**Student:** 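I have a structure here, written as C-alpha cells, and I will follow up with some questions on it.
Worth knowing before you read on, the calculation uses all heavy atoms, side chains too, and leaves out hydrogens, waters and symmetry mates. Values in this document were obtained by computation on a predicted structure and should not be read as measured data.
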Amino acid sequence: MNILKQGAVLAAVVLLTACGGKDGSASKEQASSTESAEPVVSNQTAAANQLAMIIAARSEEQQQRDSSRHPQQTIEFFGVEPGMTIVEVLPGGGWYTQILAPYVGPEGAIYGVNYADTMWPLFGFFSEEVIAGRIAAAATFGDTVNAFAGAEDVPARGFAFDGIDPEINGTVDAVVMIRALHNLNRFEEKAGTRTAAIKQVYDMLKPDGFVGVVQHRAPEDSADEWANGSNGYLKQSAVIAMFEQAGFELVASSELNANPKDQPVEGDSVWRLPPSLRTAEENKAANTAIGETDRMTLKFVKK
C-alpha cells in the first residue's frame with residue numbers, strides 16, 4: 001500500500017476507534033456533541049504519524065544516519081507540512097528527498113535546486129565528465145523523485161541556481177538547505193555564489209515563506225579564513241548575518257543537531273568525521289567516536 005494511503009488509513013482507524021465503541025459506532029452522547037467536540041486526531045498528529053511512517057519505511061542503510069540527522073524532529077522544527085510546495089537545495093543522493101517528497105505528497109510539490117552550472121569548475125578537482133554529470137542531474141530530479149516509494153505522483157522539477165523557472169518565484173512555501181551553504185560561501189569572494197543563491201531563494205518564496213537551515217558549525221572564535229566554508233564549517237553568527245542581509249528574519253534556532261564532541265580546530269575539515277572519515281588511519285578510531293559534525297539548525301522567515 002502507498003505510504004500516503006497507509007497514513008490516511010491509520011488516521012481514520014484511530015479516529016473511528018476513539019469516537020465509538022468496539023464496533024466503531026458512536027454513542028448518543030458522542031453523536032449529540034459531534035459539532036462541538038475537538039478532533040480526536042489533530043491534523044498535526046496525523047502529519048506526525050505520516051512522517052514517522054515514511055521515515056520508518058526506508059532501508060536500514062538509510063535509517064542508520066537518523067540518530068545523527070534527526071529527520072523527523074528537523075522537519076517538524078522547520079514547519080514543513082503535507083501539501084506544501086518546497087525547494088530542497090543541493091538534494092544530492094536524495095537522502096532527505098526520500099522523506100520530503102512523499103511527505104508533501106501529490107497535493108504539494110518539490111523542486112530540487114543544484115549549484116549554478118558555472119560553479120562546478122570553481123572546485124578545481126572535478127573532471128569534465130563529472131561536471132557534466134552534476135549539471136545533468138538537475139534535469140532528471142523529477143524522475144528521481146517519482147521513483148521513490150510514495151512519491152510516484154508528487155509534482156517535481158529540478159533546476160540549477162541561475163536557471164530557475166521565473167514562474168516559480170513567489171509560489172514556494174519553504175526552502176530546505178541542509179548542509180548546502182558551505183560551498184556557496186566558499187566561492188562567494190571569487191564569484192558571489194552565496195549572495196546570488198540566497199537572493200534566488202528569497203525570490204522563490206511566498207511572503208512569509210521560510211527557510212530551514214542545517215549547517216556544519218564552526219566555533220565562533222575560529223579564524224574567518226578557516227571558517228569560510230572551504231573546510232565545510234561556517235560560524236552560526238555568519239549564517240544568521242548572511243540571511244538577515246538578504247531580507248530574512250531569524251525566528252527560531254535549535255540544538256537538536258548539535259554534537260558537543262565535535263570541537264574542530266584550524267586544519268580540521270568536516271570530512272575527517274563520519275561518514276566520510278577522510279583521515280589518517282591512526283585518527284580513525286578517535287574521529288569515529290566523535291560522530292558526525294556539530295550542526296546549527298535555524299529557521300528564517302521572508303520579511
Side-chain angles (χ1 to χ4, degrees), residues 2-4 54-55 57-59 61-63 65 69 71 75 78 80 82-184 186-187 191 193-194 196-201 203-205 211-214 275-276:
N2 183 291
I3 291 175
L4 300 177
I54 292 168
I55 290 171
R58 296 170 304 143
S59 68
E61 181 181 2
Q62 292 291 327
Q63 293 185 55
R65 300 189 70 182
R69 293 187 169 185
I75 291 169
F78 290 158
V80 175
M84 281 186 170
T85 296
I86 67 170
V87 167
E88 183 182 3
V89 175
L90 202 66
W95 193 93
Y96 254 101
T97 313
Q98 292 186 56
I99 302 171
L100 290 168
Y103 184 54
V104 299
E107 300 303 314
I110 183 168
Y111 304 126
V113 178
N114 214 339
Y115 296 142
D117 294 350
T118 54
M119 182 170 150
W120 293 107
L122 299 179
F123 287 91
F125 50 76
F126 290 124
S127 67
E128 291 185 4
E129 183 178 4
V130 169
I131 291 173
R134 297 292 176 89
I135 291 174
T140 60
F141 180 75
D143 294 334
T144 300
V145 167
N146 295 149
F148 291 141
E152 298 88 349
D153 301 318
V154 177
R157 297 174 66 188
F159 305 97
F161 282 119
D162 293 338
I164 297 169
D165 186 340
E167 292 185 0
I168 290 174
N169 288 343
T171 69
V172 172
D173 296 294
V175 176
V176 177
M177 303 185 73
I178 299 179
R179 302 179 312 282
L181 274 169
H182 49 278
N183 283 324
L184 290 170
R186 175 181 188 172
F187 301 116
T193 46
R194 181 253 297 162
I198 295 181
K199 170 64 166 59
Q200 290 168 77
V201 166
D203 291 343
M204 285 188 287
L205 285 167
V211 182
V213 172
V214 176
S276 299

**Student:** Provide the closest heavy-atom pair for D162 versus A116 in the form atom of the first, atom of the second, distance.
**Tutor:** OD2-CB, 3.6 Å

**Student:** Could you pull out the closest heavy-atom pair between T171 and I168, with the gap in Å?
**Tutor:** OG1-O, 2.6 Å

**Student:** Quick check: do V113 and L90 have side-chain heavy atoms less than 4.5 Å from each other?
**Tutor:** no

**Student:** Can you list the steps and then say if L100 with I110 is a side-chain contact (heavy atoms from CB on, under 4.5 Å)?
**Tutor:** CA-CA 8 Å; L100 290 168; I110 183 168; 4.1 Å; yes

**Student:** Test side-chain contact (heavy atoms from CB on, under 4.5 Å) on F78 and V214; report intermediate values, then the result.
**Tutor:** CA-CA 10 Å; F78 290 158; V214 176; 3.8 Å; yes

**Student:** Please give me the minimum heavy-atom distance between P102 and T97, naming the atom from each residue.
**Tutor:** CD-O, 3.8 Å

**Student:** For G105 versus P155, what's the shortest heavy-atom pair and its separation?
**Tutor:** O-CD, 4.3 Å

**Student:** Any cation-pi pair here, R194 with F187, using under 6.0 Å and within 45°?
**Tutor:** no

**Student:** With a 4.5 Å cut-off on side-chain heavy atoms, are Y111 and E88 touching?
**Tutor:** no

**Student:** Given the rule in the side-chain contact (heavy atoms from CB on, under 4.5 Å) test, do V213 and L181 qualify, once you have shown the distances and angles that lead to the verdict?
**Tutor:** CA-CA 9 Å; V213 172; L181 274 169; 3.8 Å; yes

**Student:** Check D173, V154, I99, T85 against V104 for a side chain to side chain contact (heavy atoms under 4.5 Å, CB included) and give me the one that passes.
**Tutor:** V154

**Student:** So does Q63 have more than 12 non-hydrogen atoms from other groups sitting under 6.0 Å from CD?
**Tutor:** yes

**Student:** Do the ring planes of Y115 and F123 sit parallel (below 30°), tilted (30 to 60°) or perpendicular (above 60°)?
**Tutor:** tilted

**Student:** Search all heavy atoms of V145 against all heavy atoms of A101 and return the closest pair with its distance.
**Tutor:** CG1-CB, 3.7 Å

**Student:** Can you tell if the side chain of R65 reaches within under 4.5 Å of the side chain of P275, non-hydrogen atoms only?
**Tutor:** yes

**Student:** Heavy-atom distance under 4.5 Å between the side chains of Y96 and V176, does that happen here?
**Tutor:** no

**Student:** Counting C-beta onward and ignoring hydrogens, is there a side-chain heavy-atom pair between I178 and R69 closer than 4.5 Å?
**Tutor:** no

**Student:** Report yes if the side chains of F159 and M204 come closer than 4.5 Å at any heavy-atom pair, otherwise no.
**Tutor:** no

**Student:** Apply side chain to side chain donor-acceptor pair (under 3.5 Å) to N169 and Q200, showing your working.
**Tutor:** CA-CA 8 Å; N169 288 343; Q200 290 168 77; over 6 Å; no

**Student:** Can you find a pair of side-chain heavy atoms, one from P91 and one from F141, that are under 4.5 Å apart?
**Tutor:** yes

**Student:** Is there a donor-acceptor pair under 3.5 Å between the side chain of N146 and the backbone N or O of A156?
**Tutor:** no

**Student:** Where do M177 and L184 land on the side-chain contact (heavy atoms from CB on, under 4.5 Å) test, with the steps shown first?
**Tutor:** CA-CA 11 Å; M177 303 185 73; L184 290 170; 4.1 Å; yes

**Student:** I want to check something: taking the side chain as every heavy atom from C-beta on, are W120 and N114 in contact at a cut-off of under 4.5 Å?
**Tutor:** yes

